[in-house]
Amino acid sequence: MPRAGKSYAATRNEDRGIGHHDNVSQLSPWLRRRLVTEEELLRSVLAQHTPQAAEKFVQEVFWRGYFKGYLEARPSLWREYRRTVLSLQQQLTHDQSLATDYAAATAGRTGIDCFDAWVAEVQVTGYLHNHARMWFASIWIFTLRLPWPLGAEFLYRHFLDADPASNTLSWRWVAGLHTVGKHYLARAANIEACTGGRFAPQGLQEHAAPLQERLAHPQRALPRLGNQPPAGPVVLLLTEEDLHPESLGLDRHQVRGIAGARVSRDAVGLPVSAQGEAFGEGALADAMARASEWFGQPAERLPALDGDAMAAWAERLGASVVVTACAPVGPVEEALSDAGNWLAMRKLRLMPLRRTYDARVWPHATKGFSAVRDQIPALIDALDLENRRPEQGRLDL
Ligand SMILES: Cc1cc2nc3c(=O)[nH]c(=O)nc-3n(C[C@H](O)[C@H](O)[C@H](O)COP(=O)(O)OP(=O)(O)OC[C@H]3O[C@@H](n4cnc5c(N)ncnc54)[C@H](O)[C@@H]3O)c2cc1C
């Protein structure tokens with residue numbers, strides 16, 4: 001927290017290499033699953049720094065909500081991306097040239113020093129610095145000339161913070177598909193400067209044109225969801241999309257049972273690294289233990305995130321309403337949508353709750369990030385994120 005102010009603003013673009021990323025928070029695996037919520041993080045930061053000093057860090061945190069809201073308004077971007085990954089994976093089985101280039105890139109055998117090092121880093125740690133992710137995606141697309149969805153899938157599979165919105169939309173942004181015609185080209189001089197001279201990449205394509213696509217992805221109205229739990233008894237379902245049940249607004253006495261369930265990423269065609277799997281398991285177990293203590297009920301693990309398992313559990317506990325935190329567009333949301341239909345046939349109700357934070361941020365995420373950025377002071381006020389304790393002095397670091 002002390003380094004989230006001016007120090008972060010001054011150094012955040014430096015990729016200092018494996019084991020030395022202490023100029024950035026490395027909090028994304030926890031934020032992505034809401035083991036730590038954005039509100040919690042922003043409150044801590046704004047308790048220590050003035051909004052001016054923390055401006056850059058605060059903006060970065062809002063990028064997460066921006067991408068979430070954008071994908072929520074255009075779910076076809078995710079569905080189309082998934083379809084393309086599956087068809088490219090098929091292509092890899094018979095297109096020898098694509099298969100050879102893809103194998104060299106994902107084994108870190110391209111001869112481009114930084115790229116090969118980032119392949120190794122993400123495989124060992126599950127993390128890459130934001131700048132490295134941008135350069136990685138740019139080199140994948142414009143220098144190696146590989147299809148961007150395969151690169152996005154490769155990183156998704158290895159990141160501990162793998163996130164449908166941030167990953168897919170960041171790749172599209174680098175390619176020039178998010179802000180149409182505006183792409184991100186990795187430059188050797190910039191990489192050398194921001195990595196402290198650790199790399200001197202050769203042969204980067206620094207003048208490529210942005211990618212184009214024919215499909216349009218129309219914006220939909222955000223699905224209407226409440227943020228208030230119903231009165232009366234409920235059971236609480238925890239998924240990896242939101243593991244902060246204490247702040248969902250549920251009354252301790254109304255929760256009759258707690259369960260946790262995960263979508264196996266293998267099941268949706270996204271095989272995940274062993275450490276990603278272990279992190280997801282640990283995250284869910286942690287939230288189940290906290291929820292059990294908070295609500296004074298045992299927490300059990302469902303065998304799968306599906307309607308059958310959820311219905312059997314709710315019926316056994318005599319509950320007709322299953323409350324869960326809203327899952328934004330992605331594999332969990334897809335599983336919950338199927339499960340909700342199944343539960344309805346059994347006269348049970350699945351009730352996702354949208355957090356106030358999301359309800360406030362997402363409506364601004366329809367075009368570029370600037371619309372969210374311009375709202376940050378109002379959002380900080382509306383969400384009451386600056387209610388620091390008076391005795392806490394604020395740093396201007
Ligand atoms: C090609 C590409 C793929 C990406 N894939 C993912 C992904 O799968 N999951 C993921 O969580 N982030 C992804 N990002 C966004 C960003 O790189 C990471 O969130 C960030 O690097 C995490 O490191 P940190 O926690 O140290 O960030 P810090 O610099 O400490 O930032 C604080 C927090 O702000 C948020 N944040 C910062 N930068 C961004 C950003 N550009 N977009 C969205 N949120 C941001 C994160 O929650 C982060 O934890 C991707 C970016 C690119 C360019």
Side-chain angles (χ1 to χ4, degrees), residues 1 3-5 7-16 18 20-42 44-45 54-71 78 81 115 118 121-122 125-142 148-179 183-186 194 240-241 265 270 272-273 276 279-280 283 328 330-331 357 361 365 368-369 372-373 376:
M1 283 306 111
R3 293 201 299 269
S7 155
Y8 176 82
T11 64
R12 72 195 172 97
N13 280 331
E14 295 168 15
D15 172 8
R16 296 175 176 175
I18 195 163
H20 301 286
H21 292 302
D22 52 3
N23 54 327
V24 288
S25 75
Q26 299 174 77
L27 272 173
S28 51
W30 287 265
L31 281 169
R32 183 261 170 276
R33 293 173 178 81
R34 288 197 158 148
L35 288 157
V36 176
T37 66
E38 287 103 316
E39 282 185 80
E40 209 180 355
L41 175 60
L42 290 167
S44 296
V45 169
E55 184 184 20
K56 278 294 163 208
F57 188 82
V58 168
Q59 282 179 5
E60 293 305 323
V61 175
F62 276 101
W63 267 100
R64 173 171 299 283
Y66 164 70
F67 280 142
K68 287 269 176 223
Y70 194 95
L71 197 61
W78 167 254
Y81 157 71
F115 186 93
W118 292 323
E121 180 172 354
V122 78
T125 66
Y127 176 84
L128 288 181
H129 183 278
N130 181 55
H131 225 155
R133 298 182 195 214
M134 289 159 61
W135 293 318
F136 183 103
S138 181
I139 293 170
W140 181 283
I141 297 168
F142 298 113
W148 74 264
L150 283 181
E153 196 269 343
F154 174 75
L155 288 189
Y156 190 99
R157 188 147 41 92
H158 288 95
F159 280 155
L160 294 186
D161 63 21
D163 180 80
S166 288
N167 192 50
T168 315
L169 298 179
S170 295
W171 274 84
R172 288 178 55 83
W173 179 84
V174 170
L177 299 170
H178 185 73
T179 313
H183 57 331
Y184 178 80
L185 286 169
C194 294
E240 244 183 284
E241 286 295 337
R265 283 201 244 169
L270 286 167
V272 70
S273 66
F279 192 94
Y357 181 90
V361 175
F369 176 68
V372 170
R373 192 191 54 214
I376 289 177

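This chain uses plain numbering: 1 for the first residue, then up along the sequence. Order of listing sets the numbers, starting from 1, for every ligand and every atom in it. In this text the structure is predicted, and so the values were computed from the model without any measurement.
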Contact partition for [X] relative to ligand 1, non-hydrogen atoms under 4.0 Å:
X    : value
F67  : side chain
Y127 : side chain
S25  : both

Given [options], which one has a non-hydrogen atom that is nearest to [atom]?
atom                    : options               : result
atom 21 (O) of ligand 1 : D22, I141, N130, V174 : N130
atom 19 (O) of ligand 1 : R172, H129, H131, R64 : R64
atom 34 (O) of ligand 1 : Q59, E60, R3, K68     : E60
atom 48 (C) of ligand 1 : V45, L31, L169, V58   : L31

What residue and heavy atom of the protein are closest to [atom], and at what distance?
atom                    : value
atom 12 (N) of ligand 1 : S166 CB, 3.5 Å
atom 22 (C) of ligand 1 : S28 OG, 3.2 Å
atom 14 (N) of ligand 1 : R133 NH1, 3.6 Å
atom 53 (C) of ligand 1 : M134 CG, 3.4 Å
atom 51 (C) of ligand 1 : S170 OG, 3.4 Å
atom 9 (N) of ligand 1  : D161 O, 2.9 Å
atom 40 (C) of ligand 1 : W63 CB, 4.0 Å
atom 29 (O) of ligand 1 : Y8 OH, 2.5 Å

Which atoms of ligand 1 sit under 4.0 Å from any heavy atom of [X]?
X    : answer
L27  : 25 (O), 49 (O)
A162 : 8 (O)
W171 : 1 (C)

Does Q26 reach ligand 1, in the sense of a heavy atom lying below 4.0 Å from it?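 Heavy atoms of Q26 do come under 4.0 Å of ligand 1.
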
Yes or no: does F57 have any heavy atom under 4.0 Å from an atom of ligand 1? yes

Say whether, by atom type as modelled, one donor and one acceptor occur between the side chain of [X] and the main chain of [Y] under 3.5 angstrom.
X    : Y    : result
Q26  : H21  : yes
H158 : F154 : yes
S138 : M134 : no
N23  : E14  : yes
H178 : R172 : no
N167 : A152 : yes

Is the shortest distance from a Lys or Arg side-chain nitrogen in R157 or E153 to a carboxylate oxygen in the other one below 4.0 Å? yes

Among R32, R34, R33, exactly one meets salt bridge (charged side-chain N to carboxylate O under 4.0 Å, His left out) together with E241. Which residue is that? R32

Taking the six-membered ring where the residue is Trp, are the ring centres of W30 and F279 under 6.0 Å apart? yes

Kindly write out the residues that satisfy side-chain contact (heavy atoms from CB on, under 4.5 Å) with S28, not counting sequence neighbours, or none if the list is empty.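 Partners of S28 by the side-chain contact (heavy atoms from CB on, under 4.5 Å) criterion, ordered by chain and then number, come out as R64, Y127, R133, D161.
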
Contacts of F369 that satisfy ring pair (Phe, Tyr, Trp, His ring centres under 6.0 Å) - sequence neighbours left out: W63, Y66

Taking side chain as C-beta onward, heavy atoms only, is W148 less than 4.5 Å from T168?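 Counting from C-beta outward, W148 and T168 do come under 4.5 Å.
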
For residues H129 and W118, determine if any side-chain heavy atom of one lies less than 4.5 Å from a side-chain heavy atom of the other. no

When you compare ligand 1 with D163, is there at least one nitrogen or oxygen pair between them that comes in under 3.5 angstrom?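 Yes: some nitrogen or oxygen of D163 is under 3.5 Å from one in ligand 1.
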
